[in-house]
Structures are given as C-alpha cells and as structure tokens.
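One structure below.
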Amino acid sequence: MYIRDVTPSDFPTVLRLNDESVHFLSPLTPKRLEFLHEQAAYHRVVESGGHIMAFLLALNEGSSYDSPNYRWFAARYERFLYIDRVVVSSEHQGRGAGHLLYSDIFDFARLQNTTYLTCEFDVEPPNEGSRRFHEGHGFREVGTQSVAAGKKQVSLQAVSIASESGEPSLAALP
C-alpha cells in the first residue's frame with residue numbers, strides 16, 4: 001500500500017467510492033469533485049496493486065467551500081485543516097488504509113504548521129465506526145449541529161496538532 005496525490009484520472013474511482021459510502025457523506029457530482037479537488041490542501045489516495053483502496057480530501061482555512069460543517073470550523077478556528085471526507089472501500093476496510101491516510105495527514109498538517117485537524121461524523125444516524133476511529137486518533141468533540149435539513153446530527157471533532165512529542169495533543173483545544 002502506498003499514498004499518492006489524486007489526479008483527475010482518479011475522479012471516476014473517487015466518485016464510485018464516495019457513492020459507496022454516501023449514507024455517511026454528502027453526494028458528489030463530477031463538477032463538485034472538481035471544485036473540491038481545486039480547493040483541497042490535501043487530496044490523496046491509498047493504492048495497492050494498481051487499485052485505489054481509499055481516499056481523503058481536506059481543506060485549509062480560507063477556502064470558499066460552502067459546507068455548513070466547514071463553515072462551523074471557519075467561524076471558530078483561525079488555522080485548521082478540515083477533513084471533508086475519508087472513504088475506504090468496503091472490500092478493503094480493516095486493512096490499515098484509513099490509519100495510513102491519517103498518519104500521512106497528521107504529518108502533512110505538522111509540515112503546514114496547522115493548529116487543528118478537524119472533521120465531523122454522524123451521531124444521528126450513528127456512525128460508530130467513524131466515532132471509534134477518530135477517538136483512536138485523538139479527536140474530541142468540540143460541538144454538534146443539525147445538517148441535511150435536520151435529517152442528520154453531526155459531532156464536530158478536533159485535535160490539536162502542536163505538541164512537543166509530535167503526537168496530537170488535546171490540551172490546546174478550545
């Protein structure tokens with residue numbers, strides 16, 4: 001398994017993976033993906049044997065992204081990297097692709113001098129796998145909000161990047 005930057009030739013696979021997990025994510029059209037790719041500070045895939053297993057797309061502060069969750073963080077954090085979506089194909093879950101991407105994005109965030117790595121996941125309807133995964137990577141809840149015309153409740157999560165050990169720190173969270 002290795003990580004590489006997404007290229008436009010990967011878009012059909014990224015769209016397919018997003019569709020596979022759309023019950024936990026917002027839908028993506030080719031045009032919306034192109035916009036997000038252009039806005040992204042980080043857009044990478046995990047590949048193995050010529051097949052894309054997973055992808056992660058994240059945006060820095062200052063983006064023109066209209067997501068209510070991104071906007072929530074933008075209103076509260078001066079410097080952050082927002083994980084908009086991370087998807088591991090159903091056939092490759094549990095093989096370490098998600099952990100590999102998160103190790104890489106933490107390293108990326110440190111190199112960018114990002115203060116916080118942020119994300120959200122559904123709590124209504126629940127996404128227990130995402131909750132456990134993010135908790136294991138040091139994230140903690142910093143807020144909640146209703147989205148999708150009240151059909152979903154999300155937990156807004158953050159972890160502080162800066163610490164002397166190089167490991168994520170919760171101490172600096174507001």
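Just so you know, residue 1 is the first one in the sequence shown, and it goes up from there. As the structure is a prediction and not an experimental result, all values here were calculated from the model.
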Can you confirm whether the side chains of Gln157 and Ser155 place a donor and an acceptor under 3.5 Å from each other? yes

Should Leu100 and Leu117 be regarded as members of a common hydrophobic cluster, given that ILVMFWY residues are connected when their side-chain heavy atoms come within less than 4.5 Å of each other, either directly or indirectly? yes

Is there a path of hydrophobic side-chain contacts, each under 4.5 Å between heavy atoms, that joins Val159 and Leu56? yes

Group every Ile, Leu, Val, Met, Phe, Trp and Tyr by side-chain heavy-atom contacts under 4.5 Å, then state whether Ile105 and Ile3 land in the same group. yes

Show, in sequence, the C-alpha distance, side-chain angles and deciding distance for Glu128 and Arg131, and conclude whether the salt bridge (Lys or Arg N to Asp or Glu O under 4.0 Å) test is met. CA-CA 5 Å; Glu128 274 302 303; Arg131 184 195 63 76; 2.8 Å; yes

Can you tell me which residue pairs pass the salt bridge (Lys or Arg N to Asp or Glu O under 4.0 Å) test with a partner in residues 98-109, sequence neighbours excluded? Arg44-Asp104, Asp107-Arg110

Is there a path of hydrophobic side-chain contacts, each under 4.5 Å between heavy atoms of I, L, V, M, F, W or Y residues, that connects Phe121 with Val86? no

Should Ile161 and Ile83 be regarded as members of a common hydrophobic cluster, given that ILVMFWY residues are connected when their side-chain heavy atoms come within less than 4.5 Å of each other, either directly or indirectly? yes

Verify whether the ring centers belonging to Phe133 and Tyr102 lie closer than 6.0 Å. yes

Backbone N or O of Phe73 within a donor-acceptor pair of the Tyr116 side chain at under 3.5 Å? no

State, yes or no, whether a side-chain contact exists between Thr115 and Glu78 at a heavy-atom distance under 4.5 Å. no

Looking at the rings of Phe55 and Phe11, which for Trp means the six-membered one, are their centres under 6.0 Å apart? no

